[in-house]
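Here is the structure we will look at.
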Amino acid sequence: QLQDAIGTLRLLITDTRAISTGHAALGTYHTLLGRAHEAVGDSPNAAAGYVAALDAGSVISPYLNLWLGNYYIALNQPISAVVPYQNSVDAAPSTSTEFERREKLALALQLSQQPQSALAQYDAILARAQFITYRARILWESAQVLQASGQAGPAYARMQDLVANYEATPHALLALQALLNAAQPVDELQRGKVNFHN
């Protein structure tokens, strides 16, 4: 009964504000209202609910920032997603969560025509990530950012790194194909290794 929930939550918010504009429950009510709007597919009002919950000092602000960033992306407003995503990165509860949120931030930055800032997020992941397949994917995505921003040389260098050091990953094969299509020189032994593994 989502519409009933929305109406009830709006009444609760109005009544609670009448008691105290700084009431601790307001963050919860706004969060629930945002979730209800999300459930009925109303993205603008879902985002508005999350903003109001953040303004009310909700204790789950790291998640609200993530949800808010997601909705700005869904609304095709990537520049508006940058600050919420950055806030969600700053409050990430674990390394894996931080990396996931950095990827979202990198996407928002890239879509906002800020390739160097997007690249900085990928590099922050690469500085600490350990798993080979994950590192290969991030390296490939960072190469795509470079190439899309007209920095072909640095993009090819990252692709060469993939071919040389990550030959067993599918992203090494993507890098190999991209290098060959661009008539870039490729070590024949590494080419054979990439093809064998893939």
Side-chain angles (χ1 to χ4, degrees), residues 38 41 43 47 62-63 65-198:
E38 177 185 346
S43 294
Y63 297 97
N65 276 303
L66 181 62
W67 298 338
L68 188 58
N70 290 344
Y71 276 93
Y72 281 130
I73 292 293
L75 294 171
N76 198 28
Q77 298 174 20
I79 197 162
S80 297
V82 170
V83 170
Y85 277 154
Q86 182 63 66
N87 290 338
S88 75
V89 167
D90 294 341
S94 67
T95 302
S96 61
T97 305
E98 177 198 333
F99 289 171
E100 176 188 340
R101 294 176 183 187
R102 281 192 187 279
E103 287 188 65
K104 289 178 178 288
L105 176 56
L107 174 63
L109 288 163
Q110 187 177 4
L111 293 174
S112 302
Q113 307 303 314
Q114 300 177 63
Q116 291 307 122
S117 296
L119 191 63
Q121 295 304 316
Y122 287 126
D123 286 345
I125 294 172
L126 289 169
R128 292 163 54 212
Q130 300 296 316
F131 294 110
I132 295 298
T133 53
Y134 181 62
R135 287 183 59 80
R137 180 169 67 78
I138 296 301
L139 198 55
W140 170 253
E141 289 178 7
S142 67
Q144 298 308 293
V145 171
L146 286 164
Q147 195 162 37
S149 64
Q151 300 176 69
Y156 293 146
R158 291 188 182 223
M159 292 179 197
Q160 293 284 5
D161 186 7
L162 277 164
V163 171
N165 299 304
Y166 300 84
E167 64 263 16
T169 68
H171 292 93
L173 181 61
L174 292 173
L176 174 63
Q177 292 167 340
L179 289 167
L180 293 174
N181 289 339
Q184 294 295 304
V186 175
D187 180 88
E188 288 298 315
L189 178 59
Q190 286 306 116
R191 178 180 180 178
K193 288 181 178 179
V194 170
N195 284 326
F196 172 78
H197 284 292
N198 288 278

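Because only heavy atoms are used, hydrogens play no part in the values below, and waters and symmetry mates are left out as well, while side chains stay in.
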Q | Whether F99 and Y134 hold their rings parallel, tilted or perpendicular, with breakpoints at 30° and 60° | A | parallel
Q) What pair of heavy atoms forms the shortest contact from Q121 to A106, and how long is it? A) CB-CB, 3.9 Å
**Q.** R191 side, atom CZ; L173 side, atom CG - distance, nearest 0.5 Å
**A.** 11.0 Å
Q.
Closer than 4.0 angstrom, basic N to acidic O: yes or no for R158 and D123?
A. yes
Q: Please name the pair of heavy atoms, one in A178 and one in M159, separated by the smallest distance, quoted to 0.1 Å.
A: CB-SD, 3.7 Å
Q: Identify the heavy atoms of L146 and S149 that sit nearest to each other, and give their distance.
A: O-OG, 3.0 Å
Q. Is a donor on one side and an acceptor on the other found under 3.5 Å between the side chain of Q110 and the backbone of A118?
A. no
(Q) Strictly distance-based, threshold 3.5 Å: is any side-chain N or O of R101 a donor or acceptor partner for the main-chain N or O of Y85? (A) no
Q) Atom CD of E167 and atom CG of N195: how far apart are they, to the nearest 0.5 Å? A) 11.5 Å
Q: Quick one: pull up CG in N76 and OG in S43 and give me the separation to the nearest 0.5 Å.
A: 12.0 Å
(Q) Set out, in order, the CA-CA distance, both residues' side-chain angles and the distance that settles side-chain hydrogen bond (donor to acceptor under 3.5 Å, both in side chains) for Q151 and Q116, then state yes or no. (A) CA-CA 11 Å; Q151 300 176 69; Q116 291 307 122; 2.6 Å; yes
Q | Stacked cation flag R137 on Y122, 6.0 angstrom / 45 deg | A | no
Q | CD1 (I132) with more than 12 external heavy atoms under 6.0 Å | A | yes
Q) Which heavy atom in L68 sits nearest to a heavy atom in A47, and how many Å separate them? A) CD1-O, 3.5 Å
Q: Mind listing the closest non-hydrogen atom pair of P62 and A91 along with its distance?
A: CG-CB, 3.6 Å
Q: Would you indicate whether Y63, at its atom OH, is surrounded by more than 12 heavy atoms from other residues, nucleotides or ligands within a distance under 6.0 Å?
A: no
